[in-house]
Amino acid sequence: TVDRCTQMEDMYARYWKEVVRVEQTPQTQLSTTLLIAPEFCIDNIELFESFSNTLTQPLSALGLEELLQLVFFHPQWTFRDGGERSGMGAAANYARRSPWPMINLLRTKQVR
């Protein structure tokens with residue numbers, strides 16, 4: 001799904017619409033979805049990370065953490081763990097970089 005929203009509230013609404021879609025669709029018909037947001041936080045990785053951090057906890061509160069796993073991608077993604085993979089140019093960072101901000105919603109059972 002591609003959404004050109006730029007506002008946080010609109011992105012939350014679109015994200016929850018995708019969560020409901022995955023939750024209500026049989027896994028034989030839908031196992032994963034990408035929410036691609038080419039205009040959302042494209043130049044602000046810190047805001048995108050803050051937004052991303054707010055998405056996981058509600059899944060637990062709603063009992064959906066067993067259903068969904070989230071993976072986040074951004075053009076400026078960097079690991080910030082202080083290890084060898086940290087820093088803008090580290091090769092490991094490219095595993096989570098994408099042309100646009102994206103959220104991959106995966107069914108947990110199919111990841112394990």
Side-chain angles (χ1 to χ4, degrees):
T1 302
V2 177
D3 194 300
R4 298 202 173 273
C5 66
T6 59
Q7 301 298 313
M8 193 77 61
E9 296 81 14
D10 296 333
M11 191 62 181
Y12 275 120
R14 187 64 195 150
Y15 163 76
W16 284 108
K17 188 174 182 179
E18 285 299 297
V19 169
V20 169
R21 185 167 77 104
V22 172
E23 195 268 333
Q24 293 182 348
T25 304
Q27 70 180 17
T28 56
Q29 295 176 14
L30 179 68
S31 61
T32 186
T33 183
L34 280 174
L35 176 53
I36 304 167
E39 298 172 24
F40 181 73
C41 297
I42 186 76
D43 295 321
N44 192 336
I45 183 65
E46 289 81 14
L47 186 59
F48 183 76
E49 285 181 353
S50 293
F51 170 78
S52 300
N53 290 336
T54 67
L55 300 180
T56 306
Q57 188 175 10
L59 292 178
S60 297
L62 294 169
L64 296 174
E65 76 278 7
E66 294 297 318
L67 174 69
L68 292 174
Q69 181 175 334
L70 306 176
V71 182
F72 304 98
F73 300 89
H74 192 277
Q76 300 168 351
W77 180 268
T78 59
F79 285 101
R80 297 175 189 207
D81 59 5
E84 291 179 20
R85 62 186 186 172
S86 63
M88 251 337 241
N93 293 318
Y94 291 93
R96 299 279 294 274
R97 286 194 187 156
S98 63
W100 303 285
M102 296 191 297
I103 304 169
N104 190 356
L105 294 88
L106 304 121
R107 289 187 186 270
T108 302
K109 289 181 181 179
Q110 294 182 346
V111 173
R112 294 181 183 166

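Side-chain atoms are counted along with the backbone in the values below, which use heavy atoms only and exclude waters and symmetry mates.
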task: Measure the acute angle between the ring planes of Phe51 and Tyr12, then classify it against the limits of 30° and 60° as parallel, tilted or perpendicular.
output: tilted
- prompt: What's the verdict on side-chain contact (heavy atoms from CB on, under 4.5 Å) for Leu34 and Glu18, showing C-alpha distance, side-chain angles and the deciding distance?
  reply: CA-CA 9 Å; Leu34 280 174; Glu18 285 299 297; over 6 Å; no
Any heavy-atom pair between the side chains of [Y] and [X] that's under 4.5 Å?
X	Y	value
Phe40	Met8	yes
Arg21	Thr1	yes
Phe72	Leu55	yes
Arg107	Thr32	no
Met102	Val71	no
Pro75	Pro101	yes
Tyr15	Leu70	yes

Can you tell me how far [atom2] of [Y] sits from [atom1] of [X], rounded to the nearest 0.5 angstrom?
X	Y	atom1	atom2	answer
Glu46	Asp43	CD	CG	11.0 Å
Arg14	Ile103	CZ	CD1	11.0 Å
Leu30	Leu105	CG	CG	9.5 Å
Leu59	Glu23	CG	CD	11.0 Å
Lys109	Ser31	NZ	OG	13.5 Å
Asp3	Lys17	CG	NZ	9.0 Å

- prompt: Do other residues, nucleotides or ligands put more than 12 heavy atoms under 6.0 Å from Arg96 CZ?
  reply: yes
task: Flag yes if more than 12 heavy atoms outside Gln57 fall under 6.0 Å of its CD atom; otherwise flag no.
output: no
So which atom in [X] and which in [Y] form the shortest heavy-atom distance, rounded to 0.1 Å?
X	Y	result
Cys5	Met11	SG-SD, 3.4 Å
Thr33	Asn104	O-OD1, 3.2 Å
Pro99	Ile42	O-CD1, 3.9 Å

- prompt: Taking His74 for the side chain and Glu49 for the main chain, is one N or O donor matched with an acceptor at less than 3.5 Å?
  reply: no
query: When you measure from the side chain of Ser52 to the backbone N and O of Phe48, does any donor-acceptor pair fall under 3.5 Å?
result: yes
message: Using the rule that Ile, Leu, Val, Met, Phe, Trp and Tyr join whenever any side-chain heavy atoms are under 4.5 Å apart, tell me whether Trp16 and Val20 fall into a single cluster.
response: no
